[in-house]
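Computed from a predicted model, the values in this text were never measured in an experiment. To find a chain, count down the sequence lines: A is the first, B the second, and so on, and within it residues start at 1.
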Amino acid sequence: MQIQLNGEMTALDGDVTIHDLIESLGLAGRRIAVEVNEEIVPRSQHGDTRLADGDCVEIVHAIGGG
Amino acid sequence: MSELFQDRPLNVAGRQFTSRLLVGTGKYKDFDETARAVEASGAEIVTFAVRRTNLGQDESEPNLLDVISPERYTLLPNTAGCYTAKDAVRTCKLARELLDGHKLVKLEVLGDTDTLYPNVVETLKAADELIRDGFDVMVYTSDDPIIAKELEKRGCCAVMPLGSLIGSGHGLQNPYNLRLIVEQAEVPVLVDAGIGTASDAAMAMELGYDAVLVNSAIAHARQPVLMAQAMRKAVEAGREAFLAGRMPRRQSAEPSSPFAGRING
């Protein structure tokens with residue numbers, strides 16, 4: 001299936017949770033926040049939230065700003 | 001020697017702060033310089049931005065929050081780069097998730113990319129929605145006193161008019177409007193944007209502002225850490241000068257030394 005990940009079309013294999021996606025990106029344990037289709041997915045639900053074809057996923061972090 | 005003056009704390013959304021200087025973390029050379037400048041500024045409230053994670057990054061790459069620890073500082077996520085109420089609200093919700101339920105945010109909704117002037121129509125919309133959702137909103141706005149009051153009435157916990165355009169370093173371009181805003185305010189008011197050097201920060205505090213927020217003036221100084229220290233002193237000096245009350249301005253000179261007893265008298 002294809003998802004849009006931080007604005008880029010990305011192919012994923014099969015049944016993938018947000019937790020799996022974060023692991024595969026090497027972002028496990030980092031301070032990030034995740035939104036799917038413009039709704040926040042709380043950290044506690046990453047393991048239970050399965051991605052579907054066409055989902056729009058945003059993964060953000062803190063950077064310097066004023 | 002008289003006792004040292006003890007100011008009352010700055011109170012924002014029920015939290016108390018000793019420092020009246022808030023600093024941003026943008027535009028620094030690296031995280032080490034960011035950390036040293038923030039430290040030198042004495043700031044307790046520190047702003048940051050929320051952006052897409054660089055995918056494929058080195059896992060050991062440091063994160064801003066490793067350097068500016070949420071345990072030590074009160075972090076103030078901003079909505080910089082948002083041009084609609086919708087994007088600003090989304091950004092605040094992401095920040096709340098990022099910081100495990102943190103409610104304090106800096107709302108800024110910009111009008112265009114050339115001036116970064118606040119879009120007050122979208123700002124009002126976003127403020128309403130965020131406040132309904134339980135956020136404590138410190139709001140960046142224009143120096144229009146009517147809008148500033150309106151944002152306060154809608155429940156923003158602090159109102160932050162610009163001194164001049166973001167990143168311009170032009171100081172306080174409209175001190176008359178800034179004074180109108182501070183005179184009517186019933187929540188803390190801060191000058192956000194435009195501070196170019198220490199005297200600008202001192203002037204904002206002398207007008208009676210509760211605090212100032214500075215980023216570029218420190219980060220783009222030739223020596224950011226030294227400028228951070230200068231800003232800290234300027235904010236303290238300006239605050240004390242405001243509380244002390246300036247002397248009246250006079251049209252004519254008045255000697256400081258007594259007239260009587262002059263040798264040529």
S.K.: Rounded to the nearest 0.5 Å, how far apart are CD1 of A:I63 and OG1 of B:T25?
M.R.: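 That separation rounds to 8.0 Å.
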S.K.: Atom CD of residue position B:Q223 - does it have more than 12 heavy atoms of other residues, nucleotides or ligands inside 6.0 Å?
M.R.: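 No, because the 6.0 Å sphere around CD of B:Q223 holds 12 heavy atoms or fewer from other groups.
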S.K.: Taking atom CG as the centre, does B:D112 end up with more than 12 heavy-atom neighbours from other residues, nucleotides or ligands that are less than 6.0 angstrom away?
M.R.: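 Counting other residues, nucleotides and ligands, CG of B:D112 exceeds 12 neighbours.
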S.K.: If you count heavy-atom pairs under 4.5 Å with chain A, which of B:V67, B:D100, B:I166, B:V214 comes out on top?
M.R.: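 With the most close heavy-atom pairs to chain A, the winner is B:D100.
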S.K.: As an exercise, state the distance from NZ of B:K93 to CD of A:E35, rounded to the nearest 0.5 Å.
M.R.: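 Answer for the NZ-CD pair, B:K93 versus A:E35, is 9.0 Å.
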S.K.: Decide if atom NE2 of A:H46 counts as having more than 12 heavy atoms of other residues, nucleotides or ligands within a radius under 6.0 Å.
M.R.: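 Buried by this count: over 12 neighbours within 6.0 Å.
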S.K.: Between CD of A:E39 and CZ of B:R90, what distance do you get to the nearest 0.5 Å?
M.R.: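 Reported to 0.5 Å precision, the distance equals 9.5 Å.
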S.K.: If you measure from CG on A:L5 to OG1 on B:T53, what distance do you get to the nearest 0.5 Å?
M.R.: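 Taking CG in A:L5 and OG1 in B:T53, the distance rounds to 9.5 Å.
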S.K.: Rounded to the nearest 0.5 Å, how far does CZ of A:R43 lie from CG of B:L98?
M.R.: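 Atom-to-atom, B:L98:CG and A:R43:CZ are 7.0 Å apart.
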S.K.: What is the distance from atom CG of B:L94 to atom NE2 of A:H61, rounded to the nearest 0.5 Å?
M.R.: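 Between B:L94 CG and A:H61 NE2, I get 12.0 Å after rounding to 0.5 Å.
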S.K.: For the NE2 atom on B:H170, are there more than 12 heavy atoms of other groups (residues, nucleotides or ligands in this structure) within a distance under 6.0 Å?
M.R.: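 Result for NE2/B:H170: open.
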S.K.: Taking C-beta and beyond as the side chain, do A:I59 and B:R52 meet within less than 4.5 Å on heavy atoms?
M.R.: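 Heavy-atom side-chain distance check fails, nothing below 4.5 Å.
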S.K.: Flag the pair A:L27 / B:L55 as yes when at least one side-chain heavy-atom distance between them is below 4.5 Å, and no otherwise.
M.R.: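 Yes. Closest side-chain heavy atoms under 4.5 Å.
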S.K.: Let me see the working for B:D66 and A:R31 under salt bridge (charged side-chain N to carboxylate O under 4.0 Å, His left out), right down to the final yes or no.
M.R.: CA-CA 9 Å; B:D66 299 333; A:R31 279 188 197 268; 5.3 Å; no
S.K.: Testing the basics here: between A:G64 and B:A49, what is the closest heavy-atom pair and its distance to 0.1 Å?
M.R.: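 In terms of heavy atoms, the two residues are closest at O-CB, 4.0 Å.
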S.K.: Verify the neighbour count for atom CE of B:M203: are there more than 12 heavy atoms of other residues, nucleotides or ligands below 6.0 Å?
M.R.: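 No, CE of B:M203 has 12 or fewer neighbouring heavy atoms, counting only those of other groups under 6.0 Å.
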S.K.: Counting heavy-atom pairs under 4.5 Å with chain A, which one of B:K27, B:R96, B:K86 comes out on top?
M.R.: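 Among the listed options, the one with the most contacts to chain A is B:K86.
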S.K.: Closest heavy-atom contact between A:G66 and B:E108?
M.R.: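 A:G66 and B:E108 have their closest heavy atoms at O-OE2, 3.8 Å.
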